[in-house]
Amino acid sequence: MTENNLINGQWVGSDSGATFEVHNPATGRVVGRVPDAGAAEARRAVDAAWNASSAWAGRPAIERAQMLQALSARLAEDREDLARLLTDEQGKPLAEARAEIDYARSFFEVSAQASALIRDETPSVPGKKIRVHRRPIGVAAAITPWNFPIAMLAKKMAPAMAVGCTQVLKPAEQTPLSAIALLERAVASGVPAGVVNLVTGDPAAIGAAWLEDSRVRKFSFTGSTEVGRILMRGAATNLPRLSLELGGHAPMIVFEDAAVDRAVEIAMAAKFRNGGQTCICPNRFLIHRSLHDDFVSKLANRSAALTSGHGHDPEVVLGPMIDDAAIEKVEAHVADAVEKGATVVTGGRRRRVEGFQDRFFEPTVLTGCTSHMRCWREETFGPVCPVRIFDDQAEALALANDSDFGLASYVVTNDEERIRRLGDELRTGIIGVNDPGPAVAGVPFGGVKHSGFGREGGRWGLEEYLELVTVSAIDLASR
Ligand code: ADP
């Protein structure tokens with residue numbers, strides 16, 4: 001029996017004893033096995049979180065902060081083991097896996113610090129003494145995706161733990177082992193039984209069990225817009241607070257004043273992280289006509305030179321796609337673009353890597369892309385750069401905003417006036433200006449439109465797990 005779900009401080013299996021396998025996406029080999037749990041185990045996890053709730057909320061914030069810091073230190077100690085496990089089950093290159101552990105740690109650090117800033121407020125109202133109190137919202141549920149299996153969980157655990165919420169967590173089926181490894185470190189850092197609980201298994205059954213449970217007061221989800229909608233519909237009965245970090249379809253605009261080499265540098269750094277399987281990576285490249293040909297030829301040369309393979313090989317910068325469905329989608333998007341008139345400048349096909357699964361895709365640059373192409377409208381989640389020419393700023397912004405999604409956008413320019421106005425002109429939650437990595441733990445991360453709502457990071461992330469209570473008092477003695 002595989003006993004690596006965490007409920008009330010105990011490592012347990014599924015009720016039926018059933019398990020499912022976790023595979024290395026590069027080799028196809030089984031790297032582990034986890035419980036195939038469902039609604040009953042999910043409800044028991046809520047029981048545990050509910051029972052642990054008041055004691056955890058009642059602890060001094062400083063103690064919780066110290067626990068977060070202890071967890072961060074433990075992750076630093078175990079960085080190499082965790083990174084190797086992450087590469088094994090997720091496929092990303094080891095250097096990126098290490099960076100993900102550091103990124104995850106930064107959420108525990110930042111949340112520990114930010115919890116000291118959570119204070120009551122006392123707005124002045126004539127004749128009354130008002131206190132606006134912030135209290136932990138209660139039991140929080142989180143469902144996370146496979147592309148950043150440790151960091152996504154950390155983004156949800158850190159703020160919830162910092163403010164005194166207890167949690168029930170479900171990682172993605174592709175990557176539960178990293179989640180289990182993180183929870184093992186949480187237990188080892190002294191996090192009490194029931195404060196964090198982890199269940200693996202049937203996503204729909206577990207999600208529904210949590211939505212149907214009126215004790216769950218917060219639901220935080222990162223994943224597809226489609227599943228986000230299912231959860232939002234399911235939330236209509238018990239009305240938990242929702243945070244939905246959904247799909248992205250980031251534009252990158254390279255304006256005429258940009259240096260092409262620098263723009264290509266930024267594009268490479270932003271695009272190919274995790275093989276393009278990143279919700280904030282650029283998916284639509286808008287290049288000013290005067291720079292287009294130079295940019296495309298340099299981007300194509302740099303892209304084609306990227307080495308694919310097993311993430312444990314230090315030469316490798318591009319791992320496999322997570323599964324067959326993922327690579328089939330990338331292939332379908334490229335085929336659709338070509339059929340509708342795009343030109344493949346480089347890539348466009350699967351890349352055979354000797355000795356490994358057929359899950360690698362060539363870094364691809366497509367030109368002549370139009371709004372009718374799937375790659376221009378939907379998230380491809382692969383190493384594909386669709387490029388399009390623009391002539392003036394108004395056209396670039398209109399094209400950039402012509403999307404249902406609104407998570408991130410990127411701009412390469414030095415024009416101060418243009419930069420100043422971007423915050424109002426680009427309809428995304430995050431804007432990177434000459435910055436390929438705008439997601440750091442101390443700042444708000446989240447989207448608008450079909451990319452969802454809610455913010456993670458810094459004190460803004462903590463607010464998502466707090467509710468406001470207005471205590472309005474009239475002093476009897478003064479009447
Ligand atoms: P992706 O396409 O990136 O795999 P998904 O939205 O399908 O994104 O998956 C993100 C997370 O949502 C995973 O943990 C997955 O198990 C979970 N999930 C998928 N379907 C449901 C569902 N019906 N209810 C709750 N969670 C779900």
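Residue Val168 comes nearest to Val46 through the heavy atom pair CG1-N, 3.7 Å, listed as atom of the first residue, atom of the second, then distance. Here the shortest heavy-atom pairing between Arg64 and Arg59 reads NH1-O, 2.9 Å. Among all heavy-atom pairs drawn from Pro93 and Leu318, the shortest one is CG-N, 4.3 Å. Annotation for Ser111 and Ala162: closest pair O-CB, 3.6 Å, computed over non-hydrogen atoms. Val216 approaches Pro240 most closely through the heavy-atom pair O-CB, 3.6 Å. Of all the heavy atoms in Gly248 and Asn283, the pair that sits closest is O-ND2, 3.9 Å.
Not a single donor-acceptor pair under 3.5 Å links the side chain of Thr19 to the backbone N or O of Asp36. Using a distance-only test at 3.5 Å, with no hydrogens or angles considered, a donor-acceptor pair links the side chain of Ser115 to the main chain of Ala112. For the pair Glu63 (side chain) and Pro60 (backbone), a donor-acceptor distance under 3.5 Å is absent. The backbone N or O of Arg29 sits nowhere less than 3.5 Å from a side-chain atom of Asn24 that would complete a donor-acceptor pair. Under a 3.5 Å cut-off, the side chain of Glu89 and the backbone N or O of Ser178 do form a donor-acceptor pair. When atom types are taken as modelled, the side chain of Ser451 and the backbone of Gly406 share a donor-acceptor pair closer than 3.5 angstrom. Although no hydrogens or angles enter the test, the distance criterion places a donor-acceptor pair under 3.5 Å between the side chain of Glu100 and the main chain of Ala151. Side chain of Arg217 to backbone of Leu239: a donor-acceptor contact under 3.5 angstrom is found. Looking only at distances, no side-chain donor or acceptor of Asp15 sits under 3.5 Å from a matching main-chain atom of Glu41. With hydrogens and angles disregarded, a donor-acceptor distance shorter than 3.5 Å links the side chain of Asn197 to the backbone of Gly194.
Aromatic ring pairs are classed by plane angle as parallel below 30°, tilted from 30° to 60° and perpendicular above 60°; the pair Phe405 and His450 is perpendicular.
Note that the CG atom of Asp313 and the OG1 atom of Thr307 stand 8.0 Å from one another [nearest 0.5 Å]. Rounding to the nearest 0.5 Å gives a distance of 4.5 Å between CZ of Arg215 and CG of Asp47.
Listed by first then second residue, pairs satisfying ring pair (Phe, Tyr, Trp, His ring centres under 6.0 Å) with a partner in residues 415-444 number zero, not counting sequence neighbours. Sorted by first then second residue, the salt bridge (charged side-chain N to carboxylate O under 4.0 Å, His left out) pairs that include residues 262-286, not counting sequence neighbours, are Glu265-Arg302. Listed by first and then second residue, the ring pair (Phe, Tyr, Trp, His ring centres under 6.0 Å) pairs involving residues 134-155 are Trp146-Phe381 (not counting sequence neighbours). Judged as a side-chain hydrogen bond (donor to acceptor under 3.5 Å, both in side chains), the pairs with a partner in residues 179-195 (not counting sequence neighbours) are, in order, Asp78-Arg185. Among residue pairs with one or both ends in residues 130-140, those qualifying as side-chain hydrogen bond (donor to acceptor under 3.5 Å, both in side chains) are Asp120-Arg131, Asp120-His133, Glu121-Arg134, Arg134-Glu463, Arg135-Glu467; sequence neighbours excluded. For the ring pair (Phe, Tyr, Trp, His ring centres under 6.0 Å) condition, no pair includes a residue of residues 37-96, sequence neighbours left out. Note on residues 157-176: pairs passing salt bridge (charged side-chain N to carboxylate O under 4.0 Å, His left out), not counting sequence neighbours, are Lys170-Glu173. The stretch residues 92-114 participates, sequence neighbours left out, in these ring pair (Phe, Tyr, Trp, His ring centres under 6.0 Å) pairs: Tyr103-Phe107. The salt bridge (charged side-chain N to carboxylate O under 4.0 Å, His left out) analysis of residues 17-27, with sequence neighbours excluded, yields the pairs Glu21-Arg33.
In this structure, Arg359 pairs ionically with Asp324, as a charged nitrogen and a carboxylate oxygen lie closer than 4.0 Å. Contact check on Glu464 versus Arg455 returns no salt bridge, with no Lys/Arg side-chain nitrogen under 4.0 Å from an Asp/Glu carboxylate oxygen. Between Arg420 and Glu417 there is a salt bridge, since a side-chain N of the basic residue sits under 4.0 Å from a carboxylate O of the acidic one.
The closest side-chain donor-acceptor pair between Thr175 and Gln90, if any, does not fall under 3.5 angstrom. Judged by distance alone, the side chains of Thr200 and Asn5 do bring a donor and an acceptor atom under 3.5 Å apart.
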In sequence, state the C-alpha distance, the side-chain angles, and the governing distance for Thr237 and Leu211, and then conclude on side chain to side chain contact (heavy atoms under 4.5 Å, CB included). CA-CA 8 Å; Thr237 305; Leu211 288 167; over 6 Å; no
Intermediate values then yes/no, side chain to side chain donor-acceptor pair (under 3.5 Å), Ser243 and Glu456: CA-CA 9 Å; Ser243 295; Glu456 292 176 320; over 6 Å; no
Yes or no on side chain to side chain contact (heavy atoms under 4.5 Å, CB included) for Leu6 and Trp11, after CA distance, side-chain angles and deciding distance? CA-CA 5 Å; Leu6 182 66; Trp11 292 102; 3.8 Å; yes
Begin from the C-alpha positions of Leu426 and Asn401 and carry the test side chain to side chain contact (heavy atoms under 4.5 Å, CB included) through to its verdict. CA-CA 6 Å; Leu426 276 171; Asn401 287 332; 3.9 Å; yes
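Checked against side chain to side chain contact (heavy atoms under 4.5 Å, CB included), Ala42 has the following partners two or more places apart in sequence or in another chain: Ile206, Ala209, Trp210. Legend: residues meeting side chain to side chain contact (heavy atoms under 4.5 Å, CB included) with Ser224, ordered by chain and number and at least two apart, are Glu226, Val227.
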When the side chains of residues 427-444 are checked against the rest of the protein, which donor-acceptor pairs come out under 3.5 Å, sequence neighbours left out?
unit_1, atom_1, unit_2, atom_2, d
Thr428, OG1, Ser409, OG, 2.8
Thr428, OG1, Ile430, O, 2.9
Asn434, OD1, Thr413, N, 3.0
Asn434, ND2, Thr413, O, 2.8
Asp435, OD1, Gly437, N, 2.8

